[in-house]
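Heads up, the thing below is written out as structure tokens.
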Amino acid sequence: LVAMVVWISPPRRLLAGELMTGIRRTEFVAHYQPIIELSTGRCVGAEALIRWPRPDGSTVRPDHFIPFAEDHGMIGQITELVIGNVIASMKTALVEHRDMHIAINLSPEDVESGHFLTVVSDALKQTGVETSQIWLEVTERGFIHSDIARATLTKARVAGHVIAIDDFGTGYSSLSLLESLPVSVLKIDKSFVDAIGQNAATSLVTPHIIEMAHSLKLKMVAEGIE
Ligand code: G
Ligand code: MN
């Protein structure tokens, strides 16, 4: 048991420490994934995807440190950094292109705390960027405490944000729950897009998700169509 503890703890402590240092030094950068309107071929916006460049020249992808940050109570600070970074770097473009938006990813804990609401509104002050130009992406995991989620997302919607359900199809949200949330966009998960035309069971689900989006009158964004 002692050997196990020695074996397991140092790397975990190291990563938590590294992540804290990364937060303190604001080492994170956003990459922008364009969103293309298929009917016109026009770029209507982009999703901000966080990356963590390391001193050795490598880049850590979010699936390697976001879940860790969520488990170690650090995600709120990362979300705050992302919001500040995105608005500072994109404000000029957003003011020049009123019909474009940037989507920011939120973690379930952000939805729970609602702290991002003041962070975004403070960051937008004096920029000239409309609140509606900042979309917020929330995964179905963020709906688990549905009353809290509804309260936070309603505030965000009233402030003018567009709310998108991220990675749709990978969770278990019921139609009635979705209907009760102020959501206007459904992002269909890459796995369902990849399944189209494949002989997989998943490919049978894709048309149902699209149908669901239509009946809920949601806009659809498909991930992974590149
Ligand atoms: O960019 P990539 O496909 O590697 O992103 C992997 C996952 O990490 C995606 O599900 C994406 O939503 C998530 N992600 C990317 N950037 C952020 C971020 O700034 N905050 C949170 N909470 N998740 C992010
Ligand atoms: Mn996303």
Side-chain angles (χ1 to χ4, degrees), residues 15-16 19-20 22-23 25-36 43-54 58-90 100-117 119-120 123 133-145 148-149 152-153 156 161-173 178 181 183-194 209 213 218-226:
L15 185 52
L19 199 53
M20 268 190 262
I23 291 169
R25 296 186 185 154
T26 55
E27 288 176 349
F28 308 94
V29 297
H31 285 195
Y32 295 93
Q33 166 105 299
I35 298 163
I36 308 297
C43 175
V44 293
E47 176 181 8
L49 294 165
I50 192 173
R51 296 288 183 269
W52 186 17
R54 304 300 292 142
S58 67
T59 297
V60 188
R61 296 180 63 92
D63 34 338
H64 285 128
F65 67 91
I66 292 289
F68 187 88
E70 288 175 345
D71 290 347
H72 291 76
M74 289 188 264
I75 193 64
Q77 296 174 72
I78 291 182
T79 300
E80 221 174 308
L81 291 181
V82 170
I83 292 169
N85 181 324
V86 165
I87 294 175
S89 15
M90 298 310 274
M100 287 185 64
H101 72 269
I102 302 292
I104 293 175
N105 289 285
L106 297 176
S107 284
E109 198 193 298
D110 298 316
V111 177
E112 200 109 313
S113 78
H115 179 58
F116 69 90
L117 288 163
V119 176
V120 178
Q133 292 181 277
I134 304 297
W135 289 21
L136 302 168
E137 298 193 1
V138 182
T139 61
E140 290 174 84
R141 286 188 302 130
F143 304 152
I144 290 172
H145 304 288
I148 299 173
T152 305
L153 297 179
H161 294 294
V162 171
I163 298 154
I165 311 176
D166 204 1
D167 300 337
F168 188 78
T170 61
Y172 300 93
S173 310
L178 295 181
L181 295 169
V183 168
S184 16
V185 177
L186 188 157
K187 294 194 70 178
I188 183 165
D189 190 66
K190 185 177 186 302
S191 57
F192 296 102
V193 175
D194 289 345
I209 295 179
L218 301 176
K219 267 191 203 167
M220 275 236 305
V221 175
E223 294 179 353
I225 65 163
E226 68 277 8

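Reckoned from all heavy atoms, side chains included, excluding hydrogens, waters and symmetry mates. Counting starts at 1 for both ligands and their atoms, in listed order.
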For Ala164 against Lys187, the heavy-atom pair lying closest together: CB-CG, 4.3 Å

- prompt: What N, O or S atom of Asp166 is found closest to the Mn ion (ligand 2)?
  reply: OD2

Which residue and heavy atom of the protein sit nearest atom 16 (N) of ligand 1, plus the separation: Ile50 N, 3.0 Å

- request: Would you name the heavy atoms of Leu136 and Ala156 that are closest together and state the gap between them?
  value: CD1-CB, 3.9 Å

message: I'd like to check Glu47 versus Val221 (side-chain heavy atoms, cut-off strictly below 4.5 Å). Are they in contact?
response: no

- request: Describe, in one word, how the ring planes of His101 and Trp135 are oriented to each other, choosing from parallel (under 30°), tilted (30 to 60°) and perpendicular (over 60°).
  value: parallel

- request: Say whether Thr79 and Asp110, considering side chains only, have a donor N or O and an acceptor N or O under 3.5 Å apart.
  value: yes

message: Regarding atom 1 (O) of ligand 1: of the candidates Arg51, Glu137, Glu223, Glu70, which has the closest heavy atom?
response: Arg51

- prompt: So, is Val82 polar-close to ligand 1, with some N/O to N/O distance under 3.5 Å?
  reply: no

- prompt: Which atom names give the shortest non-hydrogen contact between Ser173 and Leu178, and what distance separates them?
  reply: CB-CD2, 3.7 Å

query: Within the structure, does at least one protein heavy atom fall under 4.0 Å of atom 9 (C) of ligand 1?
result: no

message: Measuring from atom 2 (P) of ligand 1, which candidate in Glu109, His64, Arg61 has the nearest non-hydrogen atom?
response: Arg61

message: Within the 4.0 Å heavy-atom shell around Leu49, which atoms of ligand 1 are there?
response: 1 (O), 15 (C), 16 (N)

message: Between ligand 1 and Ser107, is the shortest N or O to N or O distance under 3.5 Å?
response: yes

- line: In terms of heavy-atom contacts, Glu109 and Gly76 come closest through OE2-N, 4.5 Å

message: Taking backbone and side chain together, does Asn105 place any N/O/S atom at a distance below 2.8 Å from the Mn ion (ligand 2)?
response: yes

Closest non-hydrogen atom pair between Arg54 and Trp52, with its separation: NH1-CZ2, 3.1 Å

field: At the Mn ion (ligand 2): angle between Glu47 atom OE2 and Glu137 atom OE1, to 10 degrees
entry: 90°

message: Give me the nearest non-hydrogen protein atom to atom 24 (C) of ligand 1 as residue plus atom name, then the distance to 0.1 Å.
response: Asn105 CB, 3.7 Å

- prompt: Is it the side chain, the backbone, both or neither of Asp166 that has a heavy atom closer than 4.0 Å to ligand 1?
  reply: side chain

- prompt: Which option, Pro67, Pro62, Gly224, owns the non-hydrogen atom nearest atom 5 (O) of ligand 1?
  reply: Pro62

query: Which pair of heavy atoms, one from Glu70 and one from Ser107, lies closest together, and at what distance?
result: OE2-OG, 2.7 Å

